[in-house]
Amino acid sequence: MTSNSEPMASPPPSTSASMRFWRLRTAVGEKWGRLLREKTPAAKGDHVTFLIPHHNSAEFIDASLHAVRRHHPDSRIIVADCASLRDQYQGARRACERHKAELRTGWLRHGHTGQLEYLLSLADTEIAVFLDQDCVLLRSLTPLFDHLRQGKLLVGPRDFMTLDHPRFVSRFPQLRGQITRFGSNFIHASLMVTNPAGIRAVADRRPFYWRSEWDTEYTDGGARGEKYYGLCRQLRMKKPGSILPLEHRHTGYGKGVVYLYDGAAVAYHNWYSSSVRYWDGQIDLVDVSWLRDEARRFLDDYWNEELNFELPDLFPRGEAS
């Protein structure tokens, strides 16, 4: 199993003693605040928790939270911040306050898989939905919840991606049809609709983590093996048929994709929302500056309600939902 590409330029230092102390102080303050507050009664019909890891992407977490509240107004939302820089953490905190989401602060960086494990431990509702910070719902996920009630434990996009949108290809013709995600037998963590109790009953104590002894089973190829693939591996071996994969379509926004269910787009995933903030040069053969501009274009269109994914068969007349 290998990790994603190494950065061409590192973000500003965020692991100094003063920053670690500030994060620790913030995390302790939040903990005491939660202990002193009475538990808020669940809203009527509140059976789903949205779990969102965050790292240095305050602009996107704001849009992601807004979309959750728009389509699932009674849900519980928990955001786990993992060692963000102070300005990005403060931006995420303000977004959580606006959208009535709970913010949990980590004072050390534990990585994406560690965040998933931590968030799963907090899920006490019938359904838990994991979202990447730059995954924005386009419609209600209720039809996906029905599959969990029929026995599925995990619903989400197949971790396989090709670059084929005409707008992208016109700028990077050499990348036409290139496969950039290779995990076709696994679900990507940008959108995972789960039955947390069912996962705990089937999987081991650390359900997401991939074990080195499973490496010979990873046959998808490429350099895209993720540590959190362990969940799919365990479900596939211990409860066959419990995973429902969704497909994707490449959109007119950078490398962004929409995830499909029953012929309709249910969510948009941007990719690279924190990486492009500090990197230079290229990511996976694409100019970082262009990816930054495309992310900004998506966010501007989202807030102005002018989204146009340039997929006329899915969105007639440019309608986004």
Side-chain angles (χ1 to χ4, degrees), residues 20 23-24 26-43 46-55 61 64-65 68 72 74-84 89 92-93 96 99-133 135 141 144-145 148-149 152-156 186-211 214 226-239 242-243:
R20 288 197 299 271
R23 290 198 195 98
L24 176 59
T26 302
V28 170
E30 288 179 1
K31 179 68 173 179
W32 275 106
R34 288 194 297 272
L35 291 173
L36 293 173
R37 289 192 300 268
E38 292 185 2
K39 183 175 176 60
T40 303
D46 186 356
H47 59 276
V48 57
T49 301
F50 284 83
L51 306 168
I52 309 177
H54 174 259
H55 179 68
I61 196 70
S64 179
L65 294 174
V68 171
H72 296 277
D74 294 333
S75 62
R76 182 187 185 192
I77 309 174
I78 304 175
V79 174
D81 183 85
C82 182
S84 290
Y89 167 80
R93 184 185 64 188
C96 288
H99 304 296
K100 295 180 172 57
E102 304 169 36
L103 178 61
R104 305 296 179 97
T105 302
W107 71 287
L108 292 175
R109 186 170 183 177
H110 297 289
H112 190 195
T113 303
Q115 285 180 291
L116 297 177
E117 293 280 359
Y118 170 66
L119 286 166
L120 179 63
S121 73
L122 302 178
D124 58 2
T125 46
E126 175 192 5
I127 295 166
V129 180
F130 292 86
L131 289 179
D132 270 4
Q133 61 196 13
C135 189
L141 300 180
L144 302 184
F145 300 164
L148 300 182
R149 298 186 180 106
K152 298 296 183 185
L153 297 180
L154 172 62
V155 181
F186 300 91
I187 301 301
H188 193 268
S190 51
L191 172 62
M192 296 189 296
V193 181
T194 70
N195 175 338
I199 287 175
R200 295 186 189 107
V202 172
D204 294 337
R205 184 174 61 87
R206 300 171 69 191
F208 284 101
Y209 277 98
W210 182 272
R211 300 178 186 173
W214 298 337
E226 302 283 0
K227 289 182 179 179
Y228 62 75
Y229 279 176
L231 175 62
C232 289
R233 193 272 181 190
Q234 292 197 65
L235 295 183
R236 195 163 55 237
M237 298 299 292
K238 297 179 180 179
K239 195 171 179 59
S242 62
I243 301 174

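Of the options Thr194, Val193, Ile243, a side chain to side chain contact (heavy atoms under 4.5 Å, CB included) to Ile187 is made by Ile243 and by none of the others.
Of all the heavy atoms in Arg200 and Ala123, the pair that sits closest is NH2-O, 2.6 Å. When all heavy atoms of Gln133 and Ser64 are compared, the pair lying nearest together is O-CB, 3.5 Å. Scanning both residues, Cys82 and Gln115, for their nearest heavy atoms gives CB-NE2, 3.0 Å. The nearest pair of heavy atoms linking Leu131 to Leu191 is CD2-CD1, 3.5 Å. Pairing each heavy atom of Glu126 with each of Pro196, the nearest pair is O-CD, 3.4 Å.
Listed by chain and number, the residues in a salt bridge (charged side-chain N to carboxylate O under 4.0 Å, His left out) with Lys238 are Asp204 (sequence neighbours excluded). Evaluation of the salt bridge (charged side-chain N to carboxylate O under 4.0 Å, His left out) rule for Arg205 yields no partner, not counting sequence neighbours. Scored by the side-chain contact (heavy atoms from CB on, under 4.5 Å) test, Ala92 finds His54, Ile61 as partners (sequence neighbours excluded). Residues that satisfy the side-chain hydrogen bond (donor to acceptor under 3.5 Å, both in side chains) test with His72, not counting sequence neighbours, are absent from this structure. Checked against side-chain contact (heavy atoms from CB on, under 4.5 Å), Ser242 has the following partners two or more places apart in sequence or in another chain: Leu153, Leu235, Lys239.
Using a 4.0 Å cut-off between charged side-chain N and carboxylate O, Arg76 and Asp124 make a salt bridge.
A centroid separation of less than 6.0 Å is found between the aromatic rings of Phe130 and Phe208.
A cation-pi arrangement is present between Arg236 and Phe186, with the terminal nitrogen or guanidinium carbon under 6.0 Å from the aromatic centre and inside a 45° cone about the axis.
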